[in-house]
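Every heavy atom of this structure was used, including side-chain atoms; hydrogens, water molecules and symmetry mates were not. What you see is a predicted model, and the numbers here were worked out from it, not measured in a lab. In what follows, every chain begins at residue 1, and chains take the letters A, B, ... in the order their sequences are listed.
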Number of protein chains: 2
Amino acid sequence: MTFTDPAAPSADTAQQELISALVRASFATTAVLSRVAAEHDLSLTQLRVLAILRDRRVRLSDLADYLGLDKSTISGLVDRAEKRGLLQRAPNPADGRATDVFLTAEGMQLADLGEGKIARSLSPMTGKLTRAETIRLTALLEHVLKQKGP
Amino acid sequence: MTFTDPAAPSADTAQQELISALVRASFATTAVLSRVAAEHDLSLTQLRVLAILRDRRVRLSDLADYLGLDKSTISGLVDRAEKRGLLQRAPNPADGRATDVFLTAEGMQLADLGEGKIARSLSPMTGKLTRAETIRLTALLEHVLKQKGP
DNA sequence: TATTGTTATACTCTATAACTATA
DNA sequence: TATAGTTATAGAGTATAACAATA
């Protein structure tokens, strides 16, 4: 026989409150990222492209997978970034159908700059936590992000 | 005299890891929300409008403030949602310059439906936590979201 | 046949600038 | 003067469909 504490929120309520907080935190974070991007005349998507290419050379189809966007969208996205000198296309040496993309020196520099700006812009949010809380929140978020097993 | 444990990550590293997790969690959450929205032929922004108007009647300028968008953007957004029958405009009774917006019955129904779908769609992420972890993560996110004092 | 990428098309989202009406 | 909203304009982001080249 189990007894329920009437003052304790039900599992459903706790779940709802987590979802509410998660969604609001996502919008707040996205707003900061968008602002940083806009300061460099980038869209949020372009900023994500820079972040992805910062330590990878990938095919356009990989970029589409990472971003969850259609390949035709990627074509335009890469066109504009290439025209701006942030990245370059090159044929994939192993697959004649594929095209690789990678950052130029200018794109790399902008990606580095952006990383620092993002950290500073988010610090009003993340900097309020103690060191222990920071570590605990990170672990919980990583847990939430973990993919379901096979 | 203080001694630093060389195995412990520096404060900066802990901060960086939190920021990384927060950004990834935001993208993951946004992707889920966008997918739910798309299932109902809504953009993420339109979904947010429904969520905002679910328990409020507001002026267009309020909507612009909530979403952080220009008033001209709101005009178009509201136009399309109104044409679709999800919300209505009405003159603000107290201010002759202002226009209020509020959900129609159909818009309210869609907002209700969406809330349930969002909860179910996010549950693969949020449902992995124990009850105690759920409560702890919620509290930490709320702390991060708290506005700076005056 | 399937995959990779491009192009044409169409719509939404977004901001800037110029405007009207009201406060 | 300042605020609220609309409209015109322009550009980015996005998907669908049709296509060519390669696997």
Less than 4.0 angstrom between a side-chain N/O of [X] and OP1 or OP2 of [N], yes or no?
{"X": "B/R59", "N": "D/dG5", "answer": "no"}
{"X": "A/T45", "N": "D/dA12", "answer": "no"}
{"X": "A/T73", "N": "D/dG13", "answer": "no"}

Expressed as a whole number of angstroms, how long is the span from [X]:[atom1] to [N]:[atom2]?
{"X": "B/D70", "N": "D/dA4", "atom1": "CG", "atom2": "P", "answer": "13 Å"}
{"X": "A/L67", "N": "D/dT14", "atom1": "CG", "atom2": "P", "answer": "8 Å"}
{"X": "A/L47", "N": "D/dA12", "atom1": "CG", "atom2": "P", "answer": "17 Å"}
{"X": "A/K71", "N": "D/dT22", "atom1": "NZ", "atom2": "P", "answer": "16 Å"}
{"X": "B/I74", "N": "D/dT7", "atom1": "CD1", "atom2": "C1'", "answer": "16 Å"}
{"X": "A/D79", "N": "D/dG13", "atom1": "CG", "atom2": "P", "answer": "11 Å"}
{"X": "A/L42", "N": "D/dG13", "atom1": "CG", "atom2": "C1'", "answer": "14 Å"}

Q: Please determine if A/K146 and A/E142 form a salt bridge, counting it only when a charged side-chain N lies under 4.0 Å from a carboxylate O.
A: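 Salt bridge between A/K146 and A/E142, a charged N being under 4.0 Å from a carboxylate O: no.
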
**Q.** Atom pair CZ/CZ of A/R48 and B/F27 - distance to nearest 0.5 Å
**A.** 4.5 Å

Q.
Using the rule side chain to side chain contact (heavy atoms under 4.5 Å, CB included), only one of A/N92, A/D65, A/D100, A/L63 pairs with A/V58; which is it?
A. A/L63

Base, sugar-phosphate alone, or nothing: which one does [X] contact when heavy atoms must sit under 4.0 Å apart?
{"X": "A/N92", "result": "nothing"}
{"X": "B/L77", "result": "sugar-phosphate"}
{"X": "A/L69", "result": "sugar-phosphate"}
{"X": "B/S72", "result": "base"}
{"X": "A/S75", "result": "base"}

Q) Given the rule in the salt bridge (charged side-chain N to carboxylate O under 4.0 Å, His left out) test, do B/R84 and B/E106 qualify, once you have shown the distances and angles that lead to the verdict? A) CA-CA 10 Å; B/R84 203 170 142 184; B/E106 188 186 342; 6.0 Å; no

Q) Along DNA chain C, 5' to 3', what are the outermost nucleotides having an atom less than 4.0 Å from a heavy atom of chain A? A)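 Result: C/dT3 to C/dT7.
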
Q | Under 3.5 Å donor-acceptor, A/K128 side chain and B/V144 backbone | A | yes

Q. Is the backbone of B/I118 close enough, under 3.5 Å, to the side chain of B/S121 for a donor and an acceptor to pair up by distance?
A. no

(Q) Can you see whether A/F102 has A/R89 sitting over its ring - NZ or CZ less than 6.0 Å from the centre and within 45° of the normal? (A)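 Output no; distance or angle outside limits.
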
Q: Go through D/dG5, D/dA21, D/dA4 for me and flag the one nearest to the B/L60 side chain.
A: D/dG5

Q | Nucleotide of D/dA23, D/dA12, D/dG5 approaching A/S43 most closely (side-chain heavy atoms) | A |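 Among D/dA23, D/dA12, D/dG5, the one nearest the side chain of A/S43 is D/dA12.
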
